[in-house]
Amino acid sequence: MSAAVRPPRAAVECRLIDLHAPGAGGDDPAARSVLSEPERERADRFRDPAAAVVYVRSRAAVRRTLAGVLGGTAAGVRLAAEPGGRPVLPEHPGWYVSWSRSAGVLLVAVRHGGPVGVDVELVRPVRAGGRVLGTVYPDAAALGGLDDPEAFFSAWTLLEAAVKASGRGLARGGREVRLVRPPGSARCALGGIRGTGGAVWRGRTDRLAVASAGRGPRAAGPSPRVMTAVVTCGATEPPRPVGVTR
C-alpha cells in the first residue's frame with residue numbers, strides 16, 4: 001500500500017518532460033529500477049533499442065511524477081488500466097492520470113476529482129489534413145481547411161486528449177467528440193463530448209518551443225515546436241504545461 005496521499009497542490013499537475021535531457025530521469029538502470037515487472041518485460045520485447053530507452057524513461061517519469069503528487073515512491077505506484085485502456089490508480093480513488101509522448105518529450109497530467117486527458121505532437125507539415133482527421137473524426141470538413149499545422153494539430157491533439165479523458169478510445173470515442181473552429185481562429189477548440197450525461201468538458205491547446213528535446217545545448221537551428229492539449233471534465237480549467245519550454 002502506498003504512503004498517505006499528500007493534499008492536492010494544484011487542480012491539475014501538468015508537466016512537459018524532456019526524455020533525453022541529461023539527468024532528467026536518471027540513468028537508464030535507475031529508470032528501470034522503478035518500473036513494475038510487467039513494464040520491464042515489455043521494455044525487453046522492443047526490437048528497437050532506442051524505442052526501449054524512450055519507453056523506460058517515459059514510464060519512469062510518469063511514476064516519479066505520480067510519486068511527487070501522491071507521496072510514496074515511484075516504484076510503489078500501482079498502475080492499472082480500464083478495458084478501454086485508460087490508466088487508473090487503484091490505490092488512489094478519485095485521482096486520474098494521463099500521458100503522451102512525441103519528439104522525445106513526455107506530457108503527463110495528474111488530477112484529483114475528475115478525468116483528465118492529454119496529448120502532445122511534434123508540429124510539422126501535414127498533407128491532406130482534413131482527410132487524415134476524417135479517418136477518425138467524421139465531421140472534419142466542418143472545421144474548414146486543416147492543411148495548416150496550427151489548425152490540424154490543435155484538432156488532432158484535442159481529439160486524442162478528449163478520448164483519453166472519456167476513456168472511450170479513438171476508434172469509438174472520436175465520433176463522440178465535438179470540435180469547433182471559432183471564427184477567425186487558426187486553431188480548433190473543444191465543443192464537448194456527446195453521450196456523457198451533460199458533463200462539461202474543457203480543452204486547452206498550447207504551441208510550445210521545446211528547449212532541448214534531446215538535441216544537446218549547442219544544437220543549431222530553431223527549437224522544435226510541439227502542440228499540447230489538455231482536456232478536463234468539470235469546473236477545473238486545463239492548465240498550460242510547465243517544464244522544458246522556451
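Along the sequence shown, residues carry numbers from 1.
When all heavy atoms of Gly145 and Arg181 are compared, the pair lying nearest together is O-NH1, 3.1 Å. Closest heavy-atom contact between Gly113 and Tyr96: C-CE1, 4.3 Å. Of all heavy-atom pairs spanning Leu146 and Ala140, the tightest one is CD1-O, 4.1 Å. A pairwise comparison of heavy atoms in Arg47 and Pro49 identifies O-CD, 3.3 Å as the closest pair. Taking both residues in full, the closest heavy atoms of Ala199 and Cys233 are given as CB-SG, 3.7 Å, listed atom of the first, atom of the second, then distance. Closest of all the heavy-atom pairs between Tyr137 and Leu179 is OH-N, 2.8 Å.
With rounding to the nearest 0.5 angstrom, the CZ atom of Arg15 is 14.0 Å from the CZ atom of Arg64. Distance check, rounded to the nearest 0.5 Å: CZ of Arg240 to SG of Cys14 gives 10.5 Å. Atom CZ of Arg78 is separated from atom NE2 of His92 by 10.0 Å, given to the nearest 0.5 angstrom. Interatomic distance, CG of Leu190 versus CH2 of Trp201, reported as 9.0 Å (0.5 Å rounding).
The ring-ring contact (aromatic ring centres under 6.0 Å, His included) test applied to Tyr55 returns Phe46, not counting sequence neighbours. For Glu237, the salt bridge (Lys or Arg N to Asp or Glu O under 4.0 Å) test picks out Arg202, with sequence neighbours left out. For Arg86, the salt bridge (Lys or Arg N to Asp or Glu O under 4.0 Å) test picks out Glu82, with sequence neighbours left out. Not counting sequence neighbours, the partners of Arg194 by the salt bridge (Lys or Arg N to Asp or Glu O under 4.0 Å) test are Asp139.
Side-chain atoms of Arg168 never come within 3.5 Å of backbone atoms of Gly173 as a donor-acceptor pair (strictly under, hydrogens ignored). No donor-acceptor pair closer than 3.5 Å links the side chain of Thr196 to the backbone N or O of Gly198. Side chain of Ser98 to main chain of Ala109: no donor-acceptor pair is present (N/O by atom type, distance under 3.5 Å, no hydrogens or angles). Remark: side-chain polar atoms of Arg178 are paired, donor with acceptor, to backbone N or O of Gly191 under 3.5 angstrom. Side-chain atoms of Ser185 do not come within 3.5 Å of backbone N or O of Pro182 as any donor-acceptor pair.
Linking Ile, Leu, Val, Met, Phe, Trp and Tyr residues whenever their side-chain heavy atoms come within less than 4.5 Å places Val116 and Leu107 in a single cluster. Residues Val88 and Leu66 do not share a hydrophobic cluster, defined by chaining ILVMFWY side chains whose heavy atoms lie under 4.5 Å apart. Leu35 and Val97 sit in two unconnected hydrophobic clusters of ILVMFWY residues. Membership requires side-chain heavy atoms under 4.5 Å apart, directly or through other members. Val34 and Val77 fall into different hydrophobic clusters, where Ile, Leu, Val, Met, Phe, Trp and Tyr residues are linked whenever their side-chain heavy atoms come under 4.5 Å apart, directly or through other members. By the criterion of side-chain heavy atoms lying less than 4.5 angstrom apart, applied directly or through intervening Ile, Leu, Val, Met, Phe, Trp or Tyr residues, Leu89 is grouped together with Val62 in one hydrophobic cluster.
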Enumerate donor-acceptor pairs with a distance under 3.5 Å from any side-chain N or O in residues 121-136 to protein atoms, sequence neighbours excluded.
residue: Arg124; atom: NH1; partner: Leu122; partner atom: O; Å: 2.6
residue: Thr135; atom: OG1; partner: Val132; partner atom: O; Å: 2.6

Would you be so kind as to tabulate the donor-acceptor pairs closer than 3.5 Å made by side chains of residues 152-164, with sequence neighbours excluded?
residue: Ser154; atom: OG; partner: Glu150; partner atom: O; Å: 3.0
residue: Ser154; atom: OG; partner: Ala151; partner atom: O; Å: 2.8
residue: Ser154; atom: OG; partner: Cys188; partner atom: N; Å: 2.9
residue: Trp156; atom: NE1; partner: Glu160; partner atom: OE2; Å: 3.4
residue: Thr157; atom: OG1; partner: Phe153; partner atom: O; Å: 2.7
residue: Thr157; atom: OG1; partner: Ser154; partner atom: O; Å: 3.4
residue: Lys164; atom: NZ; partner: Trp99; partner atom: O; Å: 3.1
residue: Lys164; atom: NZ; partner: Val118; partner atom: O; Å: 3.1

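Dense packing is recorded around CZ of Arg207, with more than 12 heavy atoms of other residues, nucleotides or ligands lying under 6.0 Å away.
Using a cutoff of 4.0 Å between basic side-chain nitrogens and carboxylate oxygens, Glu39 and Arg32 are not scored as salt-bridged. Looking at Arg111 and Glu13, no side-chain N of the basic residue comes within less than 4.0 Å of a carboxylate O on the acidic one, giving no salt bridge. Salt-bridge formation is detected for the pair Arg204/Asp206: a Lys NZ or Arg NE/NH1/NH2 atom is positioned less than 4.0 Å from an Asp or Glu carboxylate oxygen.
Side chains of Thr65 and Val110 form a contact here, defined as non-hydrogen atoms less than 4.5 Å apart. Put simply, the side chain of Leu106 does not reach to within 4.5 Å of the side chain of Val54, judged on heavy atoms. When side chains are defined from C-beta on, Met227 counts as touching Arg187, because their heavy atoms get closer than 4.5 Å. Ser36 has its side chain within reach of Arg63: a pair of non-hydrogen atoms, C-beta onward, lies under 4.5 Å apart.
Between Thr228 and the choices Asp119, Thr205, Leu208, the side-chain contact (heavy atoms from CB on, under 4.5 Å) rule is met once, by Leu208. For the pairing with Val105, the side-chain contact (heavy atoms from CB on, under 4.5 Å) check across Ile17, Leu16, Leu19 returns one residue only, Leu16.
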